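None of the values given here were measured: they were computed from a predicted structure.
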Amino acid sequence: MVCEKDPLVQKITDLYDQISTLDSLKPSKDVNMLFTQLVLTCMPPTHIDVTKLCKKVQQMRSKLIRLCGEAEGLLETHFSTILASYDNPLHHLNIFPYYTNYLKLSQLEFNILTKHCSNVPNKVAFVGSGPLPLTSIVLASFHLKTTSFHNYDIDPSAKSKALRLVSSDPDLSRRMFFLTTDIMDVTNGLKEYDVVFLAALVGMDKDEKVRVVEHLAKYMNPGAVLMLRSAHGARGFLYPVVDPCDLRGFQVLSIFHPTDEVINSVIIARKFPMPKHCSAEHPVGPMKLPNKCFDIDMLNPLLNHVNLMEELDIEDQLS
């Protein structure tokens with residue numbers, strides 16, 4: 001059990017106390033400084049398992065994740081507005097301070113996807129795309145150049161801001177669509193997608209995340225791929241952690257824990273084929289792999305890609 005006396009937890013708690021008293025989380029000198037300190041504090045590998053925090057620290061963590069989510073949304077809104085003032089917004093994406101991170105994360109996700117999918121996806125859904133849909137833009141521009149992207153967000157202003165970024169681009173304006181819809185209201189439409197990306201901040205706590213995943217498992221096409229973003233170690237103070245055992249109805253294929261400036265872990269899972277005795281109303285349960293497979297750290301995520309199923313086979317052969 002990790003409690004508030006842990007030095008790293010004390011430092012994170014101190015930053016939380018400062019952040020929670022700010023008048024606004026809109027980009028400013030103080031906001032930028034505190035969140036930069038928070039990210040740098042949480043990045044290094046650590047002994048901390050955020051699932052084993054004492055109740056008081058867990059409550060602080062939950063509040064901090066929501067503050068991080070709010071600040072991230074305001075940051076994206078701020079830069080989306082600036083980018084929209086250019087004639088060709090997509091030519092100036094590098095003004096966003098974390099653009100390089102998105103390039104690396106999208107490359108990582110593309111590498112993972114191509115390892116497990118033999119065909120280029122025709123349609124992709126991105127759930128929780130926000131006002132600055134950089135993942136969709138980067139994937140569509142550099143990796144999935146013929147794929148259509150359907151970007152979902154519940155905020156109407158996110159749709160209008162995102163549209164302005166791609167409307168001047170003759171290619172992306174034809175392949176990127178933006179929908180102001182709660183994904184929980186999308187049912188049979190989910191069957192259209194070969195791949196569904198779930199943003200890290202969709203489902204801010206475990207129960208919310210599980211409800212979204214269960215909904216996707218109910219309506220996604222059997223064999224379709226789900227890409228989720230999670231967090232590992234102290235990075236779990238910044239983003240929700242996805243427990244692979246909660247991915248009911250999906251076969252977990254691989255998990256990646258970057259240790260560089262890319263904050264999010266990446267989980268790829270495939271929707272189980274529907275057995276004859278099951279229906280969309282009663283989806284099949286999870287395939288549970290040994291927990292030891294889920295704890296593997298990828299020190300170099302672009303080179304040391306370990307497939308969980310392969311890892312399981314190797315261990316079985318050695319045992």
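- Between the Ser80 side chain and the Pro131 main chain, a donor and an acceptor come within less than 3.5 Å of each other.
- The main-chain N or O of Val50 is found under 3.5 Å from a side-chain atom of Gln58 such that the two form a donor-acceptor pair.
- A donor-acceptor contact closer than 3.5 angstrom is absent between the side chains of Asp30 and Ser28.
- Atom-to-atom distance recorded for Ile82:CD1 and His92:NE2 is 12.5 Å, nearest 0.5 angstrom.
- The side-chain heavy atoms of Glu109 and Phe256, taken from C-beta on, include no pair separated by under 4.5 Å.
- To the nearest 0.5 Å, atom CG of residue Leu132 and atom NE2 of residue His78 are 11.5 Å apart.
- A salt bridge does not link Lys209 to Asp246: none of the charged side-chain nitrogens sits closer than 4.0 Å to a carboxylate oxygen.
- Crowding of Ile154 atom CD1: a count of heavy atoms from other residues, nucleotides or ligands under 6.0 Å not exceeding 12.
- Residues Pro133 and Leu165 form a side-chain contact, since some pair of their non-hydrogen atoms from C-beta on lies under 4.5 Å apart.
- Taking a 6.0 Å sphere around CG of Asp23, one finds it holds 12 or fewer heavy atoms contributed by other residues, nucleotides or ligands.
- In this structure, the side chain of Arg270 does not engage the main chain of Leu253 through any donor-acceptor pair within 3.5 Å.
- Between the side chain of Asp194 and the main chain of Ala224, no donor-acceptor pair closer than 3.5 Å is present.
- Between Phe96 and Tyr98, the two ring planes are perpendicular [angle over 60°; tilted spans 30° to 60°].
- Within 6.0 Å of the CG atom in Asp87, the count of heavy atoms belonging to other residues, nucleotides or ligands does not exceed 12.
- Pairing each heavy atom of Ser265 with each of His257, the nearest pair is OG-ND1, 2.8 Å.
- Side chain of Asn88 to backbone of His91: no donor-acceptor contact under 3.5 angstrom is found.
- In this structure, Gly69 and Leu201 approach most closely via the heavy-atom pair CA-CD1, 3.5 Å.
- Val212 has its side chain within reach of Met184: a pair of non-hydrogen atoms, C-beta onward, lies under 4.5 Å apart.
- With a 4.5 Å cut-off on side-chain heavy atoms, Val31 and Lys26 do not count as touching.
- Listed here is the closest heavy atom pair of Gly128 and Val202: CA-CG2, 3.7 Å.
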Handout entry: Residue pair His47, Asp6: steps toward the side-chain contact (heavy atoms from CB on, under 4.5 Å) verdict
Key = CA-CA 11 Å; His47 64 284; Asp6 182 275; 3.0 Å; yes
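- Remark: side-chain polar atoms of Thr147 are paired, donor with acceptor, to backbone N or O of Pro121 under 3.5 angstrom.
- Listed for the Asp153 side chain is a donor-acceptor partner under 3.5 Å among the backbone atoms of Gly130.
- The shortest distance between side-chain heavy atoms of Leu134 and Glu76 does not fall below 4.5 Å.
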Exercise for the section: I would like to know whether Arg175 and Val166 meet side-chain contact (heavy atoms from CB on, under 4.5 Å); could you show each step before the answer? Expected result: CA-CA 10 Å; Arg175 293 193 291 121; Val166 302; over 6 Å; no
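- Put simply, the side chain of Glu208 reaches to within 4.5 Å of the side chain of Arg211, judged on heavy atoms.
- Of all heavy-atom pairs spanning Lys159 and Phe178, the tightest one is CE-O, 3.3 Å.
- Here the CD-CG distance, from Gln251 to Leu247, works out to 11.5 Å after rounding to the nearest 0.5 Å.
- Contact check for Phe250 versus Leu216: side-chain heavy atoms found under the 4.5 Å cut-off.
- Proximity of the aromatic rings of His150 and Tyr193 is defined here by a centroid distance below 6.0 angstrom, and this criterion is met.
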Handout entry: Criterion side-chain contact (heavy atoms from CB on, under 4.5 Å) on Thr46 and Arg235, from CA distance to verdict
Key = CA-CA 9 Å; Thr46 176; Arg235 299 171 186 221; over 6 Å; no
Exercise for the section: Apply side chain to side chain donor-acceptor pair (under 3.5 Å) to Glu72 and Tyr239, showing your working. Expected result: CA-CA 11 Å; Glu72 186 173 310; Tyr239 290 102; 2.6 Å; yes
Practice task
Determine, stepwise, if the pair Gln10 / Asp14 fulfils side chain to side chain donor-acceptor pair (under 3.5 Å).
Solution key: CA-CA 6 Å; Gln10 286 181 338; Asp14 178 60; over 6 Å; no
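- Closest approach of Tyr219 to Lys191, counting heavy atoms only: O-CG, 3.1 Å.
- In this structure, CD1 on Ile19 lies 8.0 Å from CG on Leu25, to the nearest 0.5 angstrom.
- A chain of hydrophobic side-chain contacts below 4.5 Å, direct or via other Ile, Leu, Val, Met, Phe, Trp or Tyr residues, connects Phe79 to Leu163.
- At least one donor-acceptor pair closer than 3.5 Å links the side chain of Lys271 to the backbone N or O of Met220.
- One hydrophobic cluster, built from ILVMFWY side chains closer than 4.5 Å, cannot hold both Val127 and Phe177; they sit in different ones.
- For the atom pair CG (Leu103) and OG1 (Thr135), the distance works out to 10.0 Å, reported to the nearest 0.5 Å.
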Practice task
For side-chain contact (heavy atoms from CB on, under 4.5 Å), just list the numbers for Ile255 and His232, CA-CA rounded to whole Å, side-chain angles, deciding distance to a tenth of an Å, and then say yes or no.
Solution key: CA-CA 11 Å; Ile255 302 173; His232 185 66; over 6 Å; no
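- Residues Val262 and Leu93 fall within the same hydrophobic cluster, defined by Ile, Leu, Val, Met, Phe, Trp and Tyr side chains chained together at heavy-atom separations under 4.5 Å.
- A pairwise comparison of heavy atoms in Met204 and Ile65 identifies CE-O, 3.6 Å as the closest pair.
- A donor-acceptor pair under 3.5 Å is formed between the side chain of Ser20 and the backbone N or O of Asp17.
- Taking hydrophobic clusters as Ile, Leu, Val, Met, Phe, Trp and Tyr residues chained together by side-chain heavy-atom distances below 4.5 Å, Leu8 shares a cluster with Ile263.
- Checked by atom type, the side-chain pair His116/Ser254 shows a donor-acceptor distance below 3.5 Å.
- Taken to the nearest 0.5 Å, the CG atom of Leu38 stands 9.5 Å off from the CZ atom of Phe237.
- Inter-residue side-chain proximity for Leu190 and His215 is flagged as met; some heavy-atom pair is nearer than 4.5 Å.
- Note: the hydrophobic cluster containing Tyr99 also contains Met176 (ILVMFWY, side chain heavy atoms under 4.5 Å, direct or indirect links).
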